[in-house]
Amino acid sequence: VQLQASGGGLVQAGDSLRLSCAASGRTFSNNIIGWFRQAPGKEREFAAAIWKNGIDTNYADSVKDRFTISRNNAKNTAYLHMDTLQPEDTAVYYCAANPVLGPNVILPTTPSRYVYWGQGTLVTVSS
């Protein structure tokens, strides 16, 4: 699976933004999709993840109730809708995928649990 993240940009505090993660390959629907972010000088951190069915989700506490992850398996695309953005949300945002075969819903939060990564898209939030 090859991933292409897009949708980043410069916004003001309080604004919204939607990131997209377009995937190539026929196995997109068999992958967990995660969004991570990395601020300058900081480690990459988990933001959100979504199960194959597009229903089960997991969020970091820092983005819960502001960010919404979704996916459209027919379009091989995942999204991260971000509301009420704050300067501390400034980071490069990456989408990642991990193929899973079993039915048990597990949504990992560590980068090492994801196999495929996109190139990242920069989100800058000004105060």
Check side chain to side chain donor-acceptor pair (under 3.5 Å) between [X] and all other residues, then give those that pass, not counting sequence neighbours.
| X | answer |
| --- | --- |
| R66 | D89 |
| N72 | none |
| K64 | D61 |

Interatomic spacing from [atom1] in [X] to [atom2] in [Y] - rounded to 0.5 Å:
| X | Y | atom1 | atom2 | answer |
| --- | --- | --- | --- | --- |
| N76 | S29 | CG | OG | 7.5 Å |
| W35 | Y93 | CH2 | OH | 10.0 Å |
| I106 | D56 | CD1 | CG | 11.5 Å |
| I32 | R71 | CD1 | CZ | 9.0 Å |

Restricting to pairs with a member in [range], which pass disulfide (SG to SG under 2.5 Å), not counting sequence neighbours?
| range | value |
| --- | --- |
| residues 48-85 | none |
| residues 44-77 | none |
| residues 30-79 | none |
| residues 3-109 | C21-C95 |

Nearest heavy atoms of [X] and [Y], plus distance in Å:
| X | Y | answer |
| --- | --- | --- |
| L122 | A91 | CD1-O, 3.6 Å |
| V115 | P99 | CG2-CD, 4.1 Å |
| A23 | F28 | CB-CD1, 3.3 Å |

Side chains of V1 and T27: does their closest heavy-atom pair fall under 4.5 Å?
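Result yes, sub-4.5 Å side-chain heavy-atom pair found.
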Please list all pairs passing the salt bridge (Lys or Arg N to Asp or Glu O under 4.0 Å) test where one or both residues lie in residues 39-55, with sequence neighbours left out.
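Of all non-adjacent pairs touching residues 39-55, those that pass salt bridge (Lys or Arg N to Asp or Glu O under 4.0 Å) are R37-E45.
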Can you spot which of T77, I50, N98, L107 makes a side chain to side chain contact (heavy atoms under 4.5 Å, CB included) with I33?
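The side chain to side chain contact (heavy atoms under 4.5 Å, CB included) with I33 is passed solely by I50 among T77, I50, N98, L107.
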For Y79, the rest of its hydrophobic cluster, which grows through side-chain links under 4.5 angstrom:
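The other cluster members (ILVMFWY side chains, heavy atoms under 4.5 Å, direct or chained): none.
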Residues two or more places apart in sequence or in another chain: which of them pass ring-ring contact (aromatic ring centres under 6.0 Å, His included) with F36?
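Once residues adjacent in sequence are excluded, the partners of F36 under the ring-ring contact (aromatic ring centres under 6.0 Å, His included) criterion are F46, Y114, W117.
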Summary of ring-ring contact (aromatic ring centres under 6.0 Å, His included) pairs that have at least one residue in residues 51-70, sequence neighbours excluded
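Checked against ring-ring contact (aromatic ring centres under 6.0 Å, His included) - neighbours excluded - no pair reaches residues 51-70.
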Please tabulate, one pair per line, all N/O donor-acceptor pairs under 3.5 Å involving side-chain atoms of residues 3-19, not counting sequence neighbours.
residue: D15; atom: OD2; partner: Q12; partner atom: N; Å: 3.0
residue: S16; atom: OG; partner: D83; partner atom: OD1; Å: 2.6

